[in-house]
Protein chains: 2
Amino acid sequence: MSRTQTRREKLAEKEEAILQAATKAFLLGGLKAARMAEIAKAAQVAEGTLYLYYRNKEALFEAVVARHWDDLRRGAQKVVRAETDPVLQLETLASYTLDRIMGDRKLFELTLYLAHAGEGLTAATDRLGYVRVFDGVIERGRSEGVFTASANPKLLRDLFFGTLDYAARSALARGEDAASSRIIETLMTAMLAVLQPRAEDRDPGVEERLERAVARLEAVAERYPAG
Amino acid sequence: MSRTQTRREKLAEKEEAILQAATKAFLLGGLKAARMAEIAKAAQVAEGTLYLYYRNKEALFEAVVARHWDDLRRGAQKVVRAETDPVLQLETLASYTLDRIMGDRKLFELTLYLAHAGEGLTAATDRLGYVRVFDGVIERGRSEGVFTASANPKLLRDLFFGTLDYAARSALARGEDAASSRIIETLMTAMLAVLQPRAEDRDPGVEERLERAVARLEAVAERYPAG
DNA sequence: CTGCTTGCTGAAGCACACTCATTTAGAATG
DNA sequence: CATTCTAAATGAGTGTGCTTCAGCAAGCAG
């Protein structure tokens, strides 16, 4: 029994070694540049052994990326839970996501491979479960009446992640790290414009107040006989 | 003289044949799946000849993608020029871009390769010159005072293209073509929120209207002697 | 000890991108 | 027209690197 445990543990350890070696290799030069022979050597296994754990190079690659996103997702859930106001949650999530993209940019860029190889970027991150954190925040904001229910949730995702993704990449390309707060600010303005469409809806209503004011004054005028 | 022409023309023709064959091959299965041997055969040249025109497979690939974006850029310029109002230009550009992404999605996805291979997606499309059309619209709107000058232009780009890109991809993944107008609408709401920050700035002004209404009624009251 | 299962090995196989010695075709020269 | 000269094209050959597979090791059961 303890033997079986030990055995399984050994397998798990080996898989872990492989994953770590692979992560390192892929980070260094991407999918193409990484060599299976190198990975095997670094993980202290024979080249053929890799194929006992992963169908092929791409499968190994996907495993590496998936693991990373799983970490990210957990982190996102944590920071989001620390807030209660949906708007703040959204902002926190945006900050966190942006920071992580810029911090682990290499691994993030690797995700692009998945995008073309398979079904597209959204579908990829979707499968990786990260967007669910976002969906949760939106859902909550809706049930609390802070966000309107009219906007298409899928579209909100695209607005959010598309902007963050592109912004992170172009900031990195220019080497500007300090731009983060600016990015978040702009994104939030955009998001809230979509999530809380008409100012009048969440306000007693400017038009209505104007109407009432005029009506009141007209009433005043009524009290006097025409001069 | 006409001889020299003929010779050059022959080269140009050959290059064109290669490019077309390559486009077809890359569209079919992406960079990796395409075979140089296939391309050579389709273009009716020897395999070695390909390398006289392009350094390697990737260079050929880049040439294919660049050409496509050049077409797109020209088309974008055309539709934008057909409008005069910057807001409408923006909307037109968004529609056009979305349509093209969804129409030529394969080729669009190929652009992702450039993104990782080189410097990132924004930098890639940047180099491809497409974003310049966008920049032009923003620039114009600013000089006309329709858009505020406060927003960071790079950020606007990322908001615009990031959202369109992600939205197009996720719409395609779900097979919803009819969603276009919805996407544009949402994007425009978001963009305008950033480009025209305070509602009072672009509107005769709610406060002002209130002021006028009250003034009018005060004028009415003046006509009567105090009761 | 003898089979049986599970996991591992690394040399061989194979698919391709790319090179380069050789050939071809067309222009320039006399 | 014959003769060089040169730019362009060829395709068999080379190297690289993923993947496979026949065989080996180590634990376990009877």
Side-chain angles (χ1 to χ4, degrees), chain A residues 1-65 110 113-114 116-117, chain B residues 1-65 110 113-114 116-117:
Chain A
M1 213 217 244
S2 78
R3 289 288 161 74
T4 312
Q5 265 295 32
T6 309
R7 229 206 194 170
R8 278 200 187 154
E9 273 172 17
K10 240 181 183 171
L11 286 196
E13 253 174 52
K14 203 156 272 189
E15 180 157 15
E16 179 60 27
I18 291 174
L19 270 178
Q20 281 192 358
T23 303
K24 211 169 158 189
F26 287 136
L27 275 180
L28 210 60
L31 175 60
K32 199 177 169 188
R35 305 282 148 227
M36 292 303 263
E38 290 285 322
I39 294 172
K41 206 164 127 192
Q44 312 228 46
V45 294
E47 221 172 323
T49 306
L50 298 180
Y51 293 86
L52 297 177
Y53 289 79
Y54 300 94
R55 185 162 36 270
N56 55 28
K57 197 183 183 184
E58 266 192 27
L60 175 54
F61 181 78
E62 279 191 31
V64 166
V65 174
L110 296 186
Y113 276 104
L114 292 188
H116 71 69
Chain B
M1 214 216 251
S2 76
R3 288 288 161 75
T4 311
Q5 266 295 32
T6 310
R7 228 209 192 170
R8 278 200 185 153
E9 274 172 16
K10 241 185 182 168
L11 287 194
E13 253 173 51
K14 204 157 272 189
E15 180 157 15
E16 179 59 28
I18 291 174
L19 270 178
Q20 281 192 358
T23 303
K24 211 168 159 190
F26 288 135
L27 276 179
L28 210 59
L31 176 60
K32 199 177 168 189
R35 306 281 148 229
M36 290 304 263
E38 289 285 322
I39 294 172
K41 206 164 125 193
Q44 312 227 47
V45 294
E47 221 173 323
T49 307
L50 297 180
Y51 294 88
L52 297 177
Y53 289 80
Y54 300 94
R55 186 161 33 273
N56 53 29
K57 197 182 182 184
E58 266 192 28
L60 175 54
F61 180 79
E62 280 191 31
V64 166
V65 174
L110 296 186
Y113 276 104
L114 292 188
H116 71 70

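For clarity, every value in this text was computed on a predicted model and none was experimentally measured. Just so it is clear: chains get the letters A, B, ... in the order the sequence lines come, proteins before strands, and each one is counted from 1.
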Please list every donor-acceptor pair under 3.5 Å in which a side-chain atom of residues 13-24 of chain B meets a protein atom from a residue at least two apart or in another chain.
| residue | atom | partner | partner atom | Å |
| --- | --- | --- | --- | --- |
| B/Glu15 | OE2 | B/Tyr54 | OH | 2.9 |
| B/Glu16 | OE1 | B/Arg67 | NH1 | 3.0 |
| B/Glu16 | OE2 | B/Gln20 | NE2 | 3.1 |
| B/Glu16 | OE2 | B/Arg67 | NH1 | 3.2 |
| B/Thr23 | OG1 | B/Leu19 | O | 2.7 |

TODO: Nearest whole angstrom, please: distance from the P of C/dT19 to the CZ of B/Arg55.
DONE: 11 Å
Task: N/O donor-acceptor pair under 3.5 Å between A/Lys57 side chain and A/Met36 backbone - done: no
Open item on the list: Nearest whole Å is fine: how far is D/dT16 P from A/Lys32 NZ?
Closed with: 15 Å
TODO: Look at all strands and tell whether B/Lys14 reaches a base, only sugar-phosphate, or nothing, counting heavy atoms closer than 4.0 Å.
DONE: sugar-phosphate
Open item on the list: Please determine whether a side-chain nitrogen or oxygen atom of B/Arg35 lies at a distance below 4.0 Å from atom OP1 or OP2 of C/dA17.
Closed with: yes
Open item on the list: Of the options C/dA17, D/dT10, D/dT19, whose atoms approach the side-chain atoms of B/Val45 most closely?
Closed with: D/dT10
TODO: Starting at atom OH of A/Tyr51, determine the distance to atom P of D/dC21, rounded to an integer number of angstrom.
DONE: 13 Å
Open item on the list: Just the rounded figure in Å: distance from P of D/dA8 to CD of B/Glu9.
Closed with: 15 Å
Task: OP1 or OP2 of D/dT10 under 4.0 Å from side-chain N/O of B/Thr49 - done: yes
Open item on the list: How many whole angstroms separate atom CG of B/Leu52 from atom P of C/dC20?
Closed with: 13 Å
- [ ] Give the rounded distance in Å between these two atoms: CD of B/Glu15 and P of D/dA8.
- [x] 12 Å
Open item on the list: For a quick check of understanding: with a heavy-atom distance under 4.0 Å over all strands, which category does A/Ala40 fall into, base, sugar-phosphate or nothing?
Closed with: nothing
- [ ] Assign A/Ala34 to base, sugar-phosphate, or nothing according to its heavy-atom contacts below 4.0 angstrom with the strands shown.
- [x] sugar-phosphate
Open item on the list: Can you confirm whether A/Ile39 sits close enough to A/Leu60 that some side-chain heavy atom of one is under 4.5 Å from a side-chain heavy atom of the other?
Closed with: yes
Open item on the list: Can you tell me which nucleotide in C/dG10, C/dG7, D/dC18 comes closest to the side chain of A/Leu11?
Closed with: C/dG7
Task: Side chain proximity check, A/Val45 to A/Leu52, heavy atoms < 4.5 angstrom - done: no
Task: Spacing between B/Lys57 atom NZ and C/dA17 atom C1', to the nearest angstrom - done: 8 Å
Task: Between P of D/dT16 and CD of A/Glu38, the distance in whole Å - done: 14 Å
TODO: Report yes if some heavy atom in the side chain of B/Val65 is under 4.5 Å from a heavy atom in the side chain of B/Phe26; otherwise report no.
DONE: no
Open item on the list: Students often get this wrong, so: under 4.0 angstrom with heavy atoms, is A/Tyr53 touching a base, only sugar-phosphate, or nothing?
Closed with: sugar-phosphate
Task: Proximity to the side chain of A/Met36 - top-ranked nucleotide from D/dT19, C/dG10, C/dT19 - done: D/dT19
